[in-house]
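The structure appears right after this line, and notes come after that.
Any value given below was found using the heavy atoms of this structure, including those in side chains, with hydrogens, waters and symmetry copies removed.
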2 protein chains.
Amino acid sequence: MTSVEEPARSGERIRDAARTRAEILDVATQEFARAGYDGARVDEIAARTRTTKRMIYYYFGGKEQLFTAVLERAYGVIREAEQELDVDHLDPVAAIRRLAELTFDHHEQHPDFIRLVSIENIHEAQHIAGSEKLGKIGSPALDVIRRILASGQESGLFTADVDAVDLHAMISSFCFFRVSNRHTFGALFGRDLLDGAQRAHYRAMLGDMVIAYLTAERSAD
Amino acid sequence: MTSVEEPARSGERIRDAARTRAEILDVATQEFARAGYDGARVDEIAARTRTTKRMIYYYFGGKEQLFTAVLERAYGVIREAEQELDVDHLDPVAAIRRLAELTFDHHEQHPDFIRLVSIENIHEAQHIAGSEKLGKIGSPALDVIRRILASGQESGLFTADVDAVDLHAMISSFCFFRVSNRHTFGALFGRDLLDGAQRAHYRAMLGDMVIAYLTAERSAD
DNA sequence: TAGCTAACGTACTGGTTCGTACATTAGTGA
DNA sequence: TCACTAATGTACGAACCAGTACGTTAGCTA
């Protein structure tokens with residue numbers, strides 16, 4: 001019975017704290033994104049991991065802290081993408097367009113992130129509030145926007161009174177909505193906002209919208 | 001002990017099917033919006049009603065159907081608001097601005113509706129899909145947009161290639177995001193998008209954005 | 001006013017789910 | 001190589017929660 005004497009090497013107990021922790025985070029991200037905070041099942045996360053539920057409590061303390069850790073990592077990913085952005089060689093119009101496209105692409109490629117943020121909003125951002133990591137770090141994108149805006153306004157290309165945070169909200173709202181509300185929008189209006197054939201169209205539309213807003217002469221304030 | 005001999009007249013059993021049903025819907029709307037579908041408690045809904053849990057099952061069949069009923073009513077409210085919109089006497093620019101403001105105002109005044117839609121998207125619009133009511137009815141706002149767009153494009157005020165559904169998505173995304181992502185946005189960027197002092201600013205910003213997009217000459221497509 | 005039914009209430013159950021007490025082993029440093 | 005600790009596994013409990021079996025009554029109608 002040699003096959004029994006060697007019961008699947010992968011079944012042996014190998015200790016690797018980092019890997020176990022990372023694997024739990026991966027699966028938890030999927031499960032929370034799939035079902036929401038209350039819909040997610042700790043047992044289900046454990047079952048889809050090479051380890052057991054005990055380890056989730058050992059490493060993270062509980063369901064709540066696990067969700068916070070998942071959020072922290074998800075926000076870390078988008079911050080990294082933003083940090084890699086290099087638009088200093090572009091003129092303000094092209095730079096803003098590039099930034100908008102980065103957000104557009106990232107949101108599209110990370111639907112789980114969008115779902116996690118939606119879920120966190122249902123819970124009134126209580127996990128962000130309770131996280132030291134997430135509280136501190138700002139958004140690299142904001143710094144970039146500030147620089148581009150200043151440059152564009154100085155040269156007279158952009159209208160004067162646009163705020164960086166506002167512009168970030170404008171860009172984010174379009175990119176976020178497209179992913180977050182895909183299902184209800186599709187069900188009600190019969191159009192899939194994530195349809196691949198329309199991707200380039202919506203990507204250009206976002207840029208056109210933002211640039212039009214930035215370059216239009218504003219009516220009396 | 002006279003106070004015991006008359007144990008609150010309101011505690012008597014009065015039958016009013018319509019009122020009971022409506023009361024359950026009211027409380028359920030709050031509870032689902034507060035905690036999400038899985039976070040909501042049928043017992044909690046019942047407790048905050050003058051009736052009992054038994055009645056929820058009597059009238060609605062179950063938690064799932066109750067949520068669907070809640071959604072149906074919430075969508076009904078916004079459709080009614082849209083139907084009351086009368087912009088035929090306005091020029092296209094003013095008409096679009098008026099429509100955008102209606103969406104802006106409605107979303108701001110109905111945060112529960114926004115939360116319900118967010119929750120429904122987490123569940124991939126499965127309740128809308130399973131609802132006869134919600135599947136059929138379109139959006140009066142869309143018809144209005146179509147009419148305004150046609151008029152504006154005919155007169156040459158608006159650029160030609162804008163689609164009504166796209167424009168609706170653009171307006172909705174800004175208005176929706178402002179409410180739905182209020183908490184994470186506030187926690188991360190230190191700005192409350194629903195701050196009353198900024199309300200007029202964001203309301204104008206939305207109109208400016210949409211009009212700028214509609215009146216800008218478009219780059220090659 | 002008798003009888004019928006829609007409307008309502010109580011009490012319970014079966015399954016689920018987060019969390020933990022307790023036992024065990026791999027790997028490391030002395 | 002021995003002992004110690006970080007890492008892991010098993011089994012279980014207590015609370016919770018959607019849903020229901022069963023019994024009751026208000027109000028209408030013939």
For [X], which contact category applies under a 4.0 Å heavy-atom criterion: base, sugar-phosphate, or nothing?
{"X": "B:Thr52", "answer": "base"}
{"X": "B:Ala40", "answer": "sugar-phosphate"}
{"X": "A:Tyr59", "answer": "sugar-phosphate"}

N/O donor-acceptor pair, side chain A:Lys53 with base C:dG19, under 3.5 angstrom: yes
Begin from the C-alpha positions of A:Phe113 and A:Tyr75 and carry the test ring-ring contact (aromatic ring centres under 6.0 Å, His included) through to its verdict. CA-CA 8 Å; A:Phe113 169 70; A:Tyr75 271 111; 5.3 Å; yes
Which nucleotide, D:dA7, D:dT8, D:dA18, lies nearest any side-chain atom of A:Thr20? D:dT8
Can you tell me which nucleotide in D:dA18, D:dA7, C:dC18 comes closest to the side chain of A:Ala17? D:dA7
With distance as the sole criterion, is a donor-acceptor pair present between the side chains of B:Thr184 and A:Asn121 under 3.5 Å? yes
Could you state the [atom1]-[atom2] distance from [X] to [N], rounded to the nearest angstrom?
{"X": "A:Arg54", "N": "D:dG9", "atom1": "CZ", "atom2": "P", "answer": "11 Å"}
{"X": "A:Ile24", "N": "C:dC18", "atom1": "CD1", "atom2": "C1'", "answer": "15 Å"}
{"X": "A:Asp43", "N": "D:dC12", "atom1": "CG", "atom2": "C1'", "answer": "12 Å"}
{"X": "A:Tyr58", "N": "D:dG9", "atom1": "OH", "atom2": "P", "answer": "12 Å"}
{"X": "B:Leu66", "N": "D:dG19", "atom1": "CG", "atom2": "C1'", "answer": "13 Å"}

A:Tyr37 pairs by side-chain hydrogen bond (donor to acceptor under 3.5 Å, both in side chains) with which of A:Glu120, A:His127, A:Glu64? A:Glu64
Nearest-nucleotide comparison on DNA chain C, the residue closer to the 5′ end among A:Lys63 and B:Asp16: B:Asp16
Compute the centroid of each ring, for A:Tyr213 and then for B:Tyr213, and state whether the two points are separated by less than 6.0 Å. no
Within the structure, does a side-chain N or O atom of B:Thr51 lie under 4.0 Å from either OP1 or OP2 of C:dG9? yes
